[in-house]
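Each chain gets a letter, A, B and so on, in the order its sequence line appears, and its residues count up from 1. Everything quoted here is computed from the prediction, not taken from an experiment.
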Amino acid sequence: MNPLKIFEEETKKLLNDALQKLNLKTGIALETPPEGKGDFAFACFPLSKILKKAPDKIAEEIVKNIGKTESIEKVENTGAYVNFYVDEEKLKEITIKSILEEKGKYGCFPQKNVKIILEHTSANPTGPIHVGRARNPIIGDSLARILKAYGYNVKTEYYVNDIGKQVVIMAYGEFLLPKTFDARLSQKNQRNKADHRMVGYYRWANEQMEKSKEFSEKISEWLRRCEKGDKEIVELVQTSCKQVLNGTKQTLKRINVDIDKYIWESTFVKKGRVDEVIGKLKKSEHCKNENGAYYLDLESFGIHGRDTRFFFTRKDGTSLYTTRDLAYHLYKFKNSDIAINVLGEDHKLETKQLSIALDLLDIKKKPEIVFYSFVSLPEGKMSTRKGRVVYLDDLIDEAVERAYNEVKKRRNEFLQHEFKERNEEQMKRIAKTIGTGAIRYNIIRVQNEKQIMFRWEDALNFEGNSAPFIQYAHARACSILTKADGYKNFDVKFLNDETEIRLIKKLAEFPNIVEESAVSRKPHKIAGYVFELASSFNQFYRDMPVLKAEEYERNARLALADCFRSVLKNALNLLGIDAPEEM
RNA sequence: GGGCUCAUGAGGUAGUGGAUAGCCUGACAGGCCUCGGACCUGUAUGCCGGGGUUCGAAUCCCCGUGAGCCCA
């Protein structure tokens, strides 16, 4: 249930009735007023023009005409605003009751029977995932969780680029340099993980290409054969890609990202889907030919300069990346109602071309794109080829290690009072929860389009606006509940402190936040909410003793703490961040 | 050169055309040492510049400046 919705509907109805009595016809847009001025507000400025009256006079008249109702306790105007105050007793009761009844389901919406294919990550399998692109799985996975909570049937997909120059370069490197090269690699890279091993071949082959024309030509030959579907080459390339992909999956698993399906680009060539696309595009009136290579002339679509010509075949008839991507999208639309792609900002032009080509193919559906900007280093953009990167694996290691040291230090202090045994296994688990949580949170809290400069001290921030701060609030609440050993017969009327009311209102907001975040496809809204929720709890925690309180207060406050930890856990779950019971 | 995106205290970041622009870090001044200090309170510093639309602009439009990305 959405507690606030009930009050919002009631407010709209009251307002509507009042406006009708005054013979006013206008849309009702409610705002959230600043603190201390109620819960919903209606601005009368636009009406003053129609009525030729001062807006505060109109507000006064509306207030006079507002009827009585159960849910709204008070209505008054401040200046040109009509402010509505909810009946707090009722709100408290509904909110606490909903949360305790629905538990993990609080904040979830009914199933919509709408299928979404959400493509994310889809990094070229030529090396480990680096921090520059780490936003992709984190945004994609969080968004998938949020959309599921909002009631969509979501399946995530990773599009594996196993055709194309980059993967051919890597495969050729591996082909030429088997085991002997491994020894050389291990000096630079101690991590025994397939993706970290394979990137060595990729880098080596790139160096050779720059040095030798012959080498470069050999790669081109392989690429041609690969694109034509030459069995031998395709298999070699796929074997290389699979190794890298295995490493990628492990890395993603470490940050709680699990992708439902891996779709191989080559399958669309094999199954003839790409040829179908090419055939249809050739029939378009915008199709032209230059030396045997086919392209679409996009000038009439408002694309100028060199981008006007969108090539979809080469001279030898083989397809290009975007052509194959078109075939992939036809598959997506066949299998879903909505297709969402999480892509780096470098794919913007390509996406535009794809969308026009879909029009020409008479496909009404278009993919929705969630773009994000890169995380860059102070010395420039990250590059796997140049070796100027911070790998996600290294960042995770560092974060988990730092978290472990913190946990150990704090536990030593804490255990002096608690006489508990220190458990190595448990500390490691907690460190993982904290370390990976910190990474996910620090990336997801910033809006996608903002460019982020990677700095170790920011990425590993454990204080203030960070995951550990939020997780700690959860652990605190859990600790109180464990010590209390249950509660019963609580009555919400004992929750009257300012900090208690504020916390309850925050809890009541949650379903609205999920909705906003899902509809706008902006996961960072959840991150903002989670922080505000934890802050509200900390203020309550400071002012209101729970365990030492008198029986009635104690029970009510325990119920509130219980609600808090439950909602916080649900919200963190939408971001793929674990909520530890101890830290 | 053309296109897309971004610009908010010292650094970082939120902000739905509407009320006093929130928050984090750092600085300074405090509280509490509690139910587990990864806490809480207060102070100082801010909407890139210039036009426009509007009763009202950080938010929308135009021009400029700077950064990122793409195409050449």
S.K.: Of the options C39(B), G36(B), U5(B), whose atoms approach the side-chain atoms of Y472(A) most closely?
M.R.: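 Looking only at side-chain atoms, Y472(A) lies closest to G36(B).
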
S.K.: Can you name the side chain to side chain contact (heavy atoms under 4.5 Å, CB included) partners of E515(A), sequence neighbours left out?
M.R.: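 With neighbours one apart ignored, the set is K5(A), F109(A), Y150(A), N512(A), V519(A).
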
S.K.: Measure from NZ or CZ of K37(A) to the centre of the six-membered ring of Y81(A) and say whether it is under 6.0 Å with the direction within 45° of the ring axis.
M.R.: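 No, K37(A) does not sit over the ring of Y81(A).
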
S.K.: Does K64(A) come within less than 4.0 Å of E61(A), counting only side-chain N to carboxylate O?
M.R.: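 Salt bridge: no.
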
S.K.: Can you tell me how far C1' in U45(B) sits from the matching atom in A29(B), rounded to whole Å?
M.R.: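 Going atom to atom, C1' in each nucleotide, I get 16 Å.
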
S.K.: What integer number of Å spans the P atoms of C62(B) and G26(B)?
M.R.: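 Here C62(B) and G26(B) have their P atoms 41 Å from each other.
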
S.K.: Side-chain donor-acceptor pair under 3.5 Å between E265(A) and N161(A), yes or no?
M.R.: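 There is such a pair between these side chains.
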
S.K.: Answer yes or no for R402(A) and F462(A): cation-pi contact, defined as NZ/CZ to six-membered ring centre under 6.0 Å and angle to ring axis within 45°.
M.R.: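 Ring-cation test returns yes.
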
S.K.: Do F531(A) and F469(A) make the cut of ring centroids closer than 6.0 angstrom?
M.R.: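 When the ring centroids of F531(A) and F469(A) are compared, they turn out to be within the sub-6.0 Å range.
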
S.K.: What string of B, S and - do you get for nucleotides 7-18 of chain B, 5' to 3', when a contact is any protein heavy atom under 4.0 Å?
M.R.: S------SS--B

S.K.: Output the rounded distance in Å from CD (Q353(A)) to C1' (C71(B)).
M.R.: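 The distance from CD of Q353(A) to C1' of C71(B) comes to 9 Å, rounded to the nearest Å.
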
S.K.: Grab the CD-C1' distance between E35(A) and A19(B) for me, whole Å please.
M.R.: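 For the pair E35(A) CD and A19(B) C1', the rounded distance is 14 Å.
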
S.K.: Atom CG of N77(A) to atom C1' of A19(B): distance rounded to whole Å?
M.R.: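 Rounded to the whole Å, the gap is 13 Å.
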
S.K.: Could you check which of C39(B), C69(B), A19(B) has an atom nearest any side-chain atom of N83(A)?
M.R.: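 Of all the options, the side chain of N83(A) is nearest to A19(B).
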
S.K.: By the salt bridge (Lys or Arg N to Asp or Glu O under 4.0 Å) test, which pairs, at least two apart or in different chains, include something from residues 438-453 of chain A?
M.R.: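 Applying salt bridge (Lys or Arg N to Asp or Glu O under 4.0 Å) to every pair that reaches into residues 438-453 of chain A, excluding sequence neighbours, yields D141(A)-R440(A).
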
S.K.: Under 3.5 Å, which donor-acceptor pairs do the side chains of residues 568-581 of chain A form with other protein atoms, sequence neighbours left out?
M.R.:
from, atom 1, to, atom 2, distance (Å)
N570(A), ND2, K103(A), O, 3.0
N570(A), ND2, Y106(A), O, 3.1
N573(A), OD1, R145(A), NH1, 3.3

S.K.: Looking only at atom P, what distance separates U25(B) and A19(B), rounded to whole Å?
M.R.: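 About 26 Å, rounded to a whole number of Å.
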
S.K.: Among G36(B), C24(B), C55(B), find the nucleotide with the atom closest to the side chain of K49(A).
M.R.: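 That would be C55(B).
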
S.K.: Which residue, K37(A) or P545(A), contacts RNA chain B at a nucleotide closer to its 5' end, judged by nearest heavy atom?
M.R.: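 Nearest nucleotide further toward 5': that of K37(A).
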
S.K.: Suppose you measure atom P in U8(B) against the same atom in G68(B); what distance do you get, rounded to whole Å?
M.R.: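 Between the two P atoms, the distance is 15 Å.
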
S.K.: Which value, in whole Å, describes the distance between the C1' atoms of nucleotides C47(B) and U59(B)?
M.R.: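 Looking at atom C1' only, C47(B) and U59(B) are 10 Å apart.
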
S.K.: Cut-off 3.5 Å, side chains only: do N83(A) and T78(A) have a donor facing an acceptor?
M.R.: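 Result is yes, a qualifying pair exists.
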
S.K.: Tell me which of F374(A) and V546(A) sits closer to the 5' end of RNA chain B, going by the nucleotide each one is nearest to.
M.R.: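 The residue whose closest nucleotide sits nearer the 5' end is V546(A).
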
S.K.: Assign V407(A) to base, sugar-phosphate, or nothing according to its heavy-atom contacts below 4.0 angstrom with the strands shown.
M.R.: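 If one applies the 4.0 Å heavy-atom cut-off, V407(A) turns out to touch a base.
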
S.K.: Determine the Euclidean distance between corresponding P atoms of G17(B) and A67(B); express it in Å to zero decimal places.
M.R.: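 Per the computed distance, 30 Å lies between those P atoms.
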
S.K.: With respect to the side chain of R476(A), which nucleotide from G36(B), C6(B), A19(B) is positioned closest?
M.R.: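 Among G36(B), C6(B), A19(B), the one nearest the side chain of R476(A) is G36(B).
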
S.K.: Please table the atom pairs, donor to acceptor, closer than 3.5 Å between any side-chain atom in residues 557-566 of chain A and protein atoms at least two apart or in another chain.
M.R.:
from, atom 1, to, atom 2, distance (Å)
R557(A), NE, E500(A), OE2, 3.1
R557(A), NH1, P545(A), O, 2.6
D562(A), OD1, R565(A), NE, 3.0
D562(A), OD1, R565(A), NH2, 3.0
D562(A), OD2, Y487(A), OH, 2.6

S.K.: Got a salt bridge between E88(A) and K505(A), using NZ or NE/NH1/NH2 to carboxylate O under 4.0 Å?
M.R.: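 So E88(A) pairs with K505(A) through a salt bridge.
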
S.K.: Sort by first number and list every stem of RNA chain B: at least 3 consecutive Watson-Crick or G-U wobble pairs, both distances under 3.5 Å.
M.R.: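 Expected stems, ordered by start: B:1-7 with B:65-71, B:10-13 with B:22-25, B:27-31 with B:39-43, B:48-52 with B:60-64.
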
S.K.: Return the value, rounded to whole Å, for the distance between atom CE of M453(A) and atom P of C69(B).
M.R.: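 Distance, rounded to whole Å: 10 Å.
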
S.K.: Looking at R521(A) and E368(A), is any side-chain nitrogen of the basic one under 4.0 Å from a carboxylate oxygen of the acidic one?
M.R.: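 Here E368(A) pairs with R521(A) in a salt bridge, since their nearest N and O are under 4.0 Å apart.
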
S.K.: Take atom CG of D543(A) and atom P of U41(B), then tell me their distance rounded to the nearest Å.
M.R.: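 Checked: the CG to P distance equals 9 Å.
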
S.K.: Looking across every strand, which nucleic acid part, if any, lies under 4.0 Å from P55(A) by heavy atom: base, sugar-phosphate, or nothing?
M.R.: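 Result for P55(A) = nothing.
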
S.K.: Between K352(A) (NZ) and G2(B) (C1'), how many Å, whole number?
M.R.: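 Taking NZ of K352(A) and C1' of G2(B), I get 11 Å after rounding.
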
S.K.: Roughly how far apart, to the nearest Å, are A21(B) and G56(B) at atom C1'?
M.R.: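 Taking atom C1' in both A21(B) and G56(B), they lie 16 Å apart.
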
S.K.: Starting at CZ of F371(A) and ending at C1' of C70(B), how long is that distance when rounded to a whole Å?
M.R.: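 In whole Å, C70(B) C1' and F371(A) CZ are 11 Å from each other.
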
S.K.: When all nucleic acid strands are considered with a 4.0 Å heavy-atom cut-off, which category describes A484(A): base, sugar-phosphate, or nothing?
M.R.: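 Result for A484(A) = nothing.
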
S.K.: Would you mind classifying the nucleic acid contact of Y541(A) as base, sugar-phosphate or nothing, using non-hydrogen atoms under 4.0 angstrom?
M.R.: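 Base: the residue Y541(A), judged by heavy atoms under 4.0 Å, touches a nucleobase.
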
S.K.: What about S373(A): does its side chain form a donor-acceptor pair under 3.5 Å with the base of G68(B)?
M.R.: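 Looking at the base of G68(B), it does not pair with any donor or acceptor on the side chain of S373(A) (distance under 3.5 Å).
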
S.K.: Compare side-chain N and O positions of T78(A) against OP1 and OP2 of A19(B) and report whether any pair is under 4.0 Å apart.
M.R.: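 False: T78(A) side-chain N/O out of range (4.0 Å or more) of A19(B) OP1/OP2.
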
S.K.: With P as the reference atom in both, quote the distance from C60(B) to A7(B) in angstrom, rounded to an integer.
M.R.: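 Per the computed distance, 10 Å lies between those P atoms.
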
S.K.: Could you work out which one of U5(B), U20(B), G36(B) sits closest to the side chain of K483(A)?
M.R.: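 Nearest listed nucleotide: G36(B).
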
S.K.: Whole angstrom is fine here: how far is it from CD in Q471(A) over to P in C39(B)?
M.R.: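 Rounded to the whole Å, the gap is 13 Å.
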
